[in-house]
Asks: 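Structure provided below as structure tokens; questions to follow.
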Amino acid sequence: MDAARTPGIFVHQYTGLPHGAAFEHWRERAVGPCGLDIGPSHGDSIDCRLQISVVDNIALAIPEGASAQYSRTQSHLADGSDDLVLISAHAGLVRVGQNGHTVELAPAQMVLVDMSVTGTVGHTEADRFTTIRMPRRALLDISPRAEDKLSQVLIDGAVAETIFRYHALAANHAPHLDAVGQRLTAQHMVDLVGLLLGTDAEHASRARGRGQAAARLDLMRADVMAALGRNDLCLAEVATRSGLSPRQAQRLFEQAGTTFTEFVLEQRLLQARKLLGDPRARMRKISDIAHSSGFSDLSYFNRAFRKRFGATPSELREA
């Protein structure tokens with residue numbers, strides 16, 4: 001079974017034996033274009049759901065299922081790809097092979113592998129991972145000695161956590177962005193990987209100021225959007241989740257031309273306006289819409305709404 005949910009996000013699913021017409025069709029569409037082969041990670045059958053999100057020049061993969069092993073064999077090397085791939089373990093014990101050498105990744109550990117040599121990685125229901133595939137040149141531009149870290153177990157608490165969270169955000173949302181947004185997101189991801197691998201002071205400063213700061217701001221915005229209905233949402237909580245102090249978090253919002261409070265208010269007002277204009281919410285009370293958008297004070301909501309949109313919530317709904 002194959003499906004593309006949205007341009008740039010491809011979801012491929014297969015359950016069954018690793019042979020036959022259905023399997024060959026799925027393999028050609030799912031992993032063939034990636035320069036990989038696939039088989040069971042244990043037992044005789046494959047059970048796999050693979051999401052691949054293409055964001056500018058990088059690809060973010062989320063493999064799931066009970067049995068699948070991806071292989072880069074000698075025959076695949078003829079495609080000439082020399083991309084680098086960061087594999088991040090999320091659960092269990094993920095075994096990664098490169099040129100006959102195997103490393104085992106515990107949760108939160110990562111390894112950089114090379115598409116120009118043979119390798120394998122597999123998952124089960126208990127052993128799960130995600131990947132970031134990026135052009136070698138792009139990573140070397142920010143981390144000139146990245147190749148020295150190939151096949152080594154990598155871990156860096158703050159940076160690794162940001163990579164994990166940014167991967168999840170970018171994989172599901174970045175393909176919806178325009179070309180400029182996708183290019184920036186891809187660069188921010190490569191910057192984060194460069195910081196994980198280590199680099200000189202000049203490159204590290206650039207990666208922190210460009211990639212890490214932007215990724216953290218995007219993650220804080222996403223956290224706000226996910227919790228708009230909570231009237232106790234506060235800067236300290238959002239900052240802590242991104243490994244920042246409240247002052248550091250506020251500075252990132254200010255550098256983007258706003259404050260945390262202004263951003264939260266704007267998003268709540270936009271959500272309320274959307275609900276007021278939704279025919280499916282026609283029977284909901286305005287006070288209920290205000291509350292579900294995070295406003296505990298109806299009078300304040302009405303004043304703020306009129307100031308922002310030039311009409312009261314009642315007037316907008318009637319219009």
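For clarity, every value in this text was computed on a predicted model and none was experimentally measured.
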Asks: Going only through I, L, V, M, F, W and Y residues with side-chain contacts under 4.5 Å, is there a path from L184 to Y166?
Replies: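 As far as the 4.5 Å side-chain criterion goes, Y166 and L184 are not connected within one cluster.
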Asks: In terms of side-chain heavy atoms, does S81 have a donor or acceptor partner in R133 at a distance below 3.5 Å?
Replies: yes
Asks: Assess whether a salt bridge exists between R27 and D37, defined as any Lys/Arg side-chain N lying under 4.0 Å from an Asp/Glu carboxylate O.
Replies: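 Here R27 pairs with D37 in a salt bridge, since their nearest N and O are under 4.0 Å apart.
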Asks: Got a donor-acceptor contact below 3.5 angstrom from the R72 side chain to the G35 backbone?
Replies: yes
Asks: Which label fits H90 and F164: parallel for a plane angle under 30°, tilted from 30 to 60°, or perpendicular past 60°?
Replies: perpendicular
Asks: Please determine if E315 and R306 form a salt bridge, counting it only when a charged side-chain N lies under 4.0 Å from a carboxylate O.
Replies: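 Not counted as a salt bridge, because no side-chain N and carboxylate O are separated by less than 4.0 Å.
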Asks: Could you list the residues that satisfy ring pair (Phe, Tyr, Trp, His ring centres under 6.0 Å) with F260, not counting sequence neighbours?
Replies: F253
Asks: Counting distance only, does the side-chain N/O of N302 pair as donor-acceptor with the main-chain N or O of L298 below 3.5 Å?
Replies: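 Confirmed, N302 side chain pairs with L298 backbone.
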Asks: Under 4.0 Å between a side-chain nitrogen and a carboxylate oxygen: does that hold for R137 and D141?
Replies: yes
Asks: Strictly distance-based, threshold 3.5 Å: is any side-chain N or O of R268 a donor or acceptor partner for the main-chain N or O of L228?
Replies: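 At least one qualifying donor-acceptor pair exists.
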Asks: Going by an N to O cut-off under 4.0 Å, is there a salt bridge joining R282 and E318?
Replies: yes
Asks: Does M225 share a hydrophobic cluster with V238, counting links as ILVMFWY side-chain heavy atoms below 4.5 Å and allowing steps through other members?
Replies: yes
Asks: Look at the side chain of Q109 and the backbone N and O of A106, then say whether any donor-acceptor pair between them is shorter than 3.5 Å.
Replies: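 Between the backbone of A106 and the side chain of Q109 there is a qualifying donor-acceptor contact (under 3.5 Å).
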Asks: Considering non-hydrogen atoms only, spot the tightest contact between V113 and L150 and give its length.
Replies: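 So the minimum-distance heavy-atom pair works out to C-CD2, 3.8 Å.
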Asks: Exactly one of R241, R216, R230 should register a salt bridge (charged side-chain N to carboxylate O under 4.0 Å, His left out) with D223. Which one does?
Replies: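 Checked R241, R216, R230 against D223; only one passes salt bridge (charged side-chain N to carboxylate O under 4.0 Å, His left out): R241.
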Asks: Check the orientation of H12 and F10. Use parallel for under 30°, tilted for 30 to 60°, and perpendicular for over 60°.
Replies: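 Taking F10 first and then H12, their aromatic rings lie parallel (interplane angle under 30°).
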Asks: Does atom CZ of R284 have more than 12 heavy-atom neighbours from other groups under 6.0 Å away?
Replies: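 For R284, atom CZ is crowded (more than 12 foreign heavy atoms under 6.0 Å).
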